[in-house]
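First up is the structure itself, then whatever we jot down about it.
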2 protein chains.
Amino acid sequence: MSLRYALLAILRVGPLSGYDLQKQFSQSVGHVWHAPDSQIYPELRKMASLGLIEGEEQARGERGTRRVYHVTDAGNAAFEEWMASPLDYQRVRDPAHLRAAYLETTTPEAAREFLTRHIAVWEDELAQFQGQLDAIELMSSTMLSRRLSVTPPANRERTIAYKRFTYEGLAERARTEIDWARRGLELVDRIEG
Amino acid sequence: MSLRYALLAILRVGPLSGYDLQKQFSQSVGHVWHAPDSQIYPELRKMASLGLIEGEEQARGERGTRRVYHVTDAGNAAFEEWMASPLDYQRVRDPAHLRAAYLETTTPEAAREFLTRHIAVWEDELAQFQGQLDAIELMSSTMLSRRLSVTPPANRERTIAYKRFTYEGLAERARTEIDWARRGLELVDRIEG
DNA sequence: GGGAGCATGTAAGCCGTTACATGATTGT
DNA sequence: ACAATCATGTAACGGCTTACATGCTCCC
C-alpha cells in the first residue's frame, strides 16, 4: 500500500509523466521503495480513477502522447492523512538471517560465500546511500533541488534535515549488516578452521 | 520461496505434524520468517506432492487423525542445495524510511508519534531476540535442544555458535533502528522546537 | 536510415494476508 | 458439560515479479 504514497510524495513536488516519475522514483524514493514500471503505470491509473491524481494528455510530436499527472486536493489530503496515521509494520521475512541460523548444515566454503556476498551487497547499498548523503550536503540531488525549489525558504532546512536523517539511518543499517557478516566470516574461520 | 526452506529446516530435525511444526515455527524460525498456518498447511501439501517431504496419517483418538511429515532424501538434497546457492536479495521496500524522508510534510506531533512507535516496535523485537540469546546461553530453548539432541556432539558447538551469531545480528539491527529513531526525536525537538 | 531513449502498458503466476470454517480430543 | 487446545484447512483478494508487447521521436 505504500507505493501509492511514495508516488504521491514525488508528484506533490510537481506534475510528471509516468515515465519521468519512474525515473525520479528510481533515483530518490526508489532507495527506500522499489517499484518497476509495470507496477507504476497501473497504480497511477488506479489513483486517477480514485481521484487522488489527475492525468492530462499532452501531444508529443505528431502522433505521440504522454499523460502528465498532478496531485488533486483529495490526493494531498490522502497523503497527509497517511503521514499522520500509524505505520503498519509487516512481519519479518529475512532470508539472510534465516540462512545464517542454519550455517552449520553446509560447508565452510558455502558459508563464506554467503557472508562475502552479503558484505558485497550491503557495501553496494552503502555506497549509494553515501552518494545521496554527499548530494544532500551539496544540495545537488536532482530530486532534492526539485523539492527545494517549491519549498518555502523556511522549510528548506527541515526538508534537508529529514532527508539527511533518512539516509543516515539507511547507511547505518548497511554498516550494521556489513559488520555482522564480517564477524560471521571470523566465526567461520574460528570454528571451521 | 524461503518458506519452503524454513519448513525443511525444522522438519530435518525430526518428523512433526503441521500443527506442531507451526508452533515450533513461531518460536524459532518465526523470528526471521513469519508464516501463518493458512500458508503452512498448503505449502506442506505442495512439498509433499513434490516429494520433498512425506506425510503419514496417524490416528488420534477414535475419529481424529493427524499427518506427521518427515523429510525425504530429495528434501534433504533440496535444502542443502539451497544452503549452498546464492541468496536472492529482494528489493528494498521500507515504509519507515519512506515516511522518514517526508517528515517535514507533517506536524511535529505526528513525526514524534511515528518515531516513538518505531522505537516501541523495535524494543519489542529486541526483547524477543535477547530472550532467545539468553535461551541459547542456557541451552534451554526448545527448538535448540531439539536440534541439539539429534546433532552429533562435535557439531553442537557449531550449531550453537551460528544460532548465537544470527540472533546477535538481529539484536544489533534492532538497536540500530532504536538509536536511529531516538536521534530522530532529538532532531524533531531541535528543528520544530 | 538507425539507434537510443521516450512512452505506455498487458498477462500469468506466485506469495502473502485476512477472514472464514469445521470438528475432534483432553482435562476439569 | 465446557473450555482449551489440537488439528486442518478454504476463499478472496491484493501486491509484486517476470516476461512480453508495441510504437513513437529525436538526433546523428
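Residue numbering restarts at 1 for every chain, and letters A, B, ... go by the order of the sequence lines.
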Quiz item: Does a nitrogen or oxygen in the side chain of A:Arg60 sit under 4.0 Å from OP1 or OP2 of C:dC6?
Solution: no

Quiz item: Are B:Lys163 and A:Glu104 ion-paired here, with the side-chain N under 4.0 Å from a carboxylate O?
Solution: no

Quiz item: Is it true that A:Glu81 and A:Arg4 make a salt bridge, defined as a side-chain N closer than 4.0 Å to a carboxylate O?
Solution: no

Quiz prompt | Minimum-distance nucleotide (side-chain atoms of A:Tyr19 versus C:dT8, D:dA7, D:dC16) | solution = C:dT8

Quiz item: For B:Asp37 and C:dC20, what is the distance between atoms CG and P respectively, to the nearest whole Å?
Solution: 15 Å

Practice problem: Round to a whole Å and report the spacing from CD of A:Gln58 to C1' of C:dA7. | Solution: 13 Å

Quiz item: If you find the nucleotide of DNA chain D closest to A:Met1 and the one closest to A:Glu62, which residue's nucleotide is nearer the 5' end?
Solution: A:Met1

Quiz item: Between atom CG in B:Leu44 and atom P in D:dA7, what is the gap in whole Å?
Solution: 14 Å

Quiz prompt | Proximity to the side chain of A:Ser38 - top-ranked nucleotide from C:dT25, D:dT10, D:dT18 | solution = D:dT18

Quiz item: Counting only side-chain N and O atoms of B:Lys23, is one of them less than 4.0 Å from OP1 or OP2 of D:dC6?
Solution: yes

Quiz item: Can A:Arg173 be said to sit on top of A:Trp122's aromatic six-ring, NZ or CZ under 6.0 Å from centre and within 45° of the ring axis?
Solution: no

Quiz item: Looking only at side-chain N and O atoms, does B:Arg93 come under 4.0 Å of OP1 or OP2 in D:dT17?
Solution: yes

Quiz item: Would one find a side-chain N or O of A:Lys46 under 4.0 angstrom from OP1 or OP2 of C:dG9?
Solution: no

Practice problem: Calculate the interatomic distance between A:Gln39 atom CD and D:dT18 atom C1'; express it in whole Å. | Solution: 12 Å

Quiz item: Tell me: OH of A:Tyr41 to C1' of D:dG15, nearest whole Å?
Solution: 19 Å

Practice problem: For the residue pair B:Phe129 and B:Tyr167, categorise the inter-ring angle as parallel (less than 30°), tilted (30 to 60°) or perpendicular (more than 60°). | Solution: tilted

Quiz item: So, are A:Arg190 and B:Glu157 salt-bridged, with charged N and O less than 4.0 Å apart?
Solution: no

Exercise. Look at the side chain of A:Arg45 and decide which nucleotide, out of C:dT8, C:dC15, D:dA7, has an atom nearest to it.
Key: C:dT8

Practice problem: Could you state the atom-to-atom distance from CH2 of B:Trp33 to C1' of C:dG16 in whole Å? | Solution: 10 Å

Practice problem: Measure from the side-chain heavy atoms of B:Arg67 and tell me the nearest of D:dT8, C:dA7, C:dT25. | Solution: D:dT8

Quiz item: Between atom CZ in B:Arg66 and atom C1' in D:dC6, what is the gap in whole Å?
Solution: 9 Å

Practice problem: Remember a base hit wins even if backbone is also touched, and classify B:Gln90 as base, sugar-phosphate or nothing at under 4.0 Å, heavy atoms. | Solution: nothing

Quiz prompt | B:Ile40 CD1 to D:dT8 P, straight-line distance once rounded to whole Å | solution = 11 Å

